[in-house]
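These numbers were taken from a predicted model, which means no experiment stands behind them. Order of appearance sets the numbers: ligands from 1, and atoms from 1 within every ligand.
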Amino acid sequence: MNNVNPVLGIIGGGQLGSMLATAAKKLKIKTVILSDDPKAPAKNFCDEIIITDYNRLKKIEDFLRKVDVVTFEFENIPFNILEHVSKYKPIYPKPSINQIVQNRFTEKKFVNNQGIKTTKYVLIKNRTDLLNNEVFLPGFLKTCTLGYDGKGQYAINNKDEIDDLNIDFKKEYILEKKIHLKKEISIIITRFLTNDYLIYEPIENFHINQILNKSVIPAVIDEKIFTQAQQQAKLLAEKLDYVGTMCVEYFIDENNNLILNEIAPRVHNSGHLTINTHNVCQFENHIRAVCNLEKIELKKNYNAEMINIIGDEIKTYRDKSYSKNEFFFDYLKKEIKEKRKMGHLTTINSQD
Ligand code: ADP
Ligand code: MG
C-alpha cells in the first residue's frame, strides 16, 4: 500500500476521463490527461491536460515524466502506444488485455476458451464470406475493431439486403446471429493488485438503436443468472490478470440463457449510477485499484435509474431544475452532435 499518493496519468479525455479525474480529486490524487482532442471535456475536471496526437512520442514522454502510474478511459488506443508507455511507467490494465479485447473476434474466442457462452459468430473478410454464411441471418455484422455505441454495425435480416448496405470490405467483421433478447445486464467488477475483488450487483440495461438508453439497479433477474454473471466476470478478470474496473455486458435470451456480449476493459456507461447508489463508485474503485490504495467493501445505499442524454436533448436538461433525488451530469462537450452522449441523469430511490 502506498503512503504518498501517486500522480495518475489518464489516456483519453472524454466523459469517462472526466469522471475518473473527479473521483481522483476526492482521493487527493493529481491527474494528468493525455488526449488527442483539443476540446476534450475532461480538461474541465483534471489537474493538467496534454493535447497531442497519440503517435507523437515526444509529447508522450512529457506526459510520462509527469505521472507515476497510467490508466486509460477507452480501449481503442493503438497497442504500440500502450506498450511504449508500459516500458516507462506501470500501466493498468496491462496492454496485452487490450490486444485481446480490442478485436471482437479475438475477444469472443478468448471468452469461449474459458468455457463461457457468447452469441454464435463467424469471421467475415469479404462479400463471399457474408453470402456463404446465411445461417447467421438475421444477424448483426460488426467491425472487428473500433466499433462503439452501435457504430460500425449493420443489422441484416436476409441476404437480399446485403448489397444495399454498401459495406466497406477493407475492414474485417464478425457476423453474429441475432438473439431474441429478454434482457440485457452488465457486471461491473474491480480487481486489485492484491488479487482481491469488488463486484457490483448486476445492472439492467435498455438500448435504443444499439445505444445505451437506460440503466437500472436492481436488475430484475433470477438468482441463478445473478450469480452466474458475477462468477463469469470474476473468472475473466482473473484470467486476464486485470487490474482496475472493467465491465462485462450480457444478453439474456428468451430461454433464460446467459450469453456474454462483450468485455469493456474500462469503467463503463452502465456503471455511472454507482456514483449515487454506492459508498464507492466504479471510478473511485478503478483509481483505488490502479494506484494500489485500500479496498473498501461495497455498500449499496440506494437503488437507481440512469438515463443517457443524447444529442440536443441536453438543451432541455440544462434548463431544468432537479429534485434532491436527481443528479444531472453535464459532460460539458463543446459541440452537440446527433447520437453523441452529452450527459446523464441518475434518479435514486430507497431500497424497499
Ligand atoms: P457496442 O460495442 O457498440 O456496444 P454491442 O455489440 O454491445 O456493440 O451492441 C450494441 C447493442 O446492440 C447491444 O447492447 C444489443 O442491444 C444490440 N445487439 C448487438 N448484438 C446483438 C445480437 N447478436 N442480438 C441481439 N441484439 C444485439
Ligand atoms: Mg456494447
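Close approach to His207 involves these atoms of ligand 1, each under 4.0 Å from a residue heavy atom: 14 (O), 16 (O). Close contacts between ligand 1 and Glu262 involve ligand atoms 1 (P), 2 (O), 4 (O), 5 (P), 7 (O), 8 (O) [criterion: under 4.0 Å to a heavy atom]. For ligand 1, the atoms closer than 4.0 angstrom to any heavy atom of Glu249 are 7 (O). Counting the atoms of ligand 1 from 1 in the order shown, those under 4.0 Å from a heavy atom of Glu184 are 13 (C), 14 (O), 15 (C), 16 (O). Applying the 4.0 Å criterion to heavy atoms of Phe251 picks out, from ligand 1, the atoms 13 (C), 15 (C), 18 (N), 19 (C), 20 (N), 21 (C), 22 (C), 27 (C).
Ring-centre distance between Phe329 and His272: not below the 6.0 Å cut-off. Aromatic rings from His344 and Phe328 are positioned such that their centres are separated by 6.0 Å or more.
Using modelled atom types and a 3.5 Å distance limit, the side chains of Asn279 and Asn301 yield no donor-acceptor pair. In summary, the side chains of Asn112 and Tyr121 do present a donor paired with an acceptor at a separation below 3.5 Å, with no hydrogens or angles considered.
Every N/O-N/O distance between Thr119 and ligand 1 stays at or above 3.5 Å. An N or O contact shorter than 3.5 Å links Asn261 to ligand 1 by distance. The shortest N/O to N/O separation between Ile179 and ligand 1 falls below 3.5 Å. Below 3.5 Å of separation, one finds no N or O of Lys151 facing any N or O of ligand 1.
Each of Glu249, Glu176, Lys108 was evaluated against Asn261; a single residue qualifies, Glu249, per the side chain to side chain donor-acceptor pair (under 3.5 Å) test. Results of the side-chain contact (heavy atoms from CB on, under 4.5 Å) test with Leu131 over Ile124, Asp163, Asn126, Ile162 single out Ile162 as the only residue that passes.
Residue-level check: among N/O/S atoms of Glu249, OE1 sits closest to the Mg ion (ligand 2). Shortest distance from the Mg ion (ligand 2) to Glu262 is reached at OE2 (N/O/S atoms only).
The single protein non-hydrogen atom nearest to atom 9 (O) of ligand 1 is Gln153 NE2, 3.4 Å, given as residue, atom name and distance. In terms of protein heavy-atom proximity, atom 17 (C) of ligand 1 is closest to Gln210 CG, 4.0 Å. Looking only at heavy atoms of the protein, atom 3 (O) of ligand 1 is closest to Gly150 N, 2.7 Å. Counting only heavy atoms of the protein, atom 27 (C) of ligand 1 lies nearest to Phe140 CE1, 3.4 Å.
Using 4.0 Å as the threshold, His180 has no heavy atom nearer than that to any atom of ligand 1.
Of all the heavy atoms of Leu181, the ones lying under 4.0 Å from any atom of ligand 1 belong exclusively to the side chain.
For Lys234 and Tyr197, the positive end sits near the middle of the six-membered ring, less than 6.0 Å away and at most 45° from its axis. Remark: Lys333 fails to qualify as a cation-pi partner of Tyr331 under the 6.0 Å distance and 45° angle criteria applied to the six-membered ring. A cation-pi arrangement, defined by a distance under 6.0 Å to the six-membered ring centre and an angle within 45 degrees of its axis, is absent between Lys177 and Phe136.
Contact between Asn157 and Leu137 at its shortest, heavy atoms only, is O-CB, 3.7 Å.
Checking Lys142, Lys178, Lys177 against atom 20 (N) of ligand 1, the nearest heavy atom belongs to Lys142.
With respect to Asp68 and Lys89, no salt bridge is recorded, no charged nitrogen being found less than 4.0 Å from a carboxylate O.
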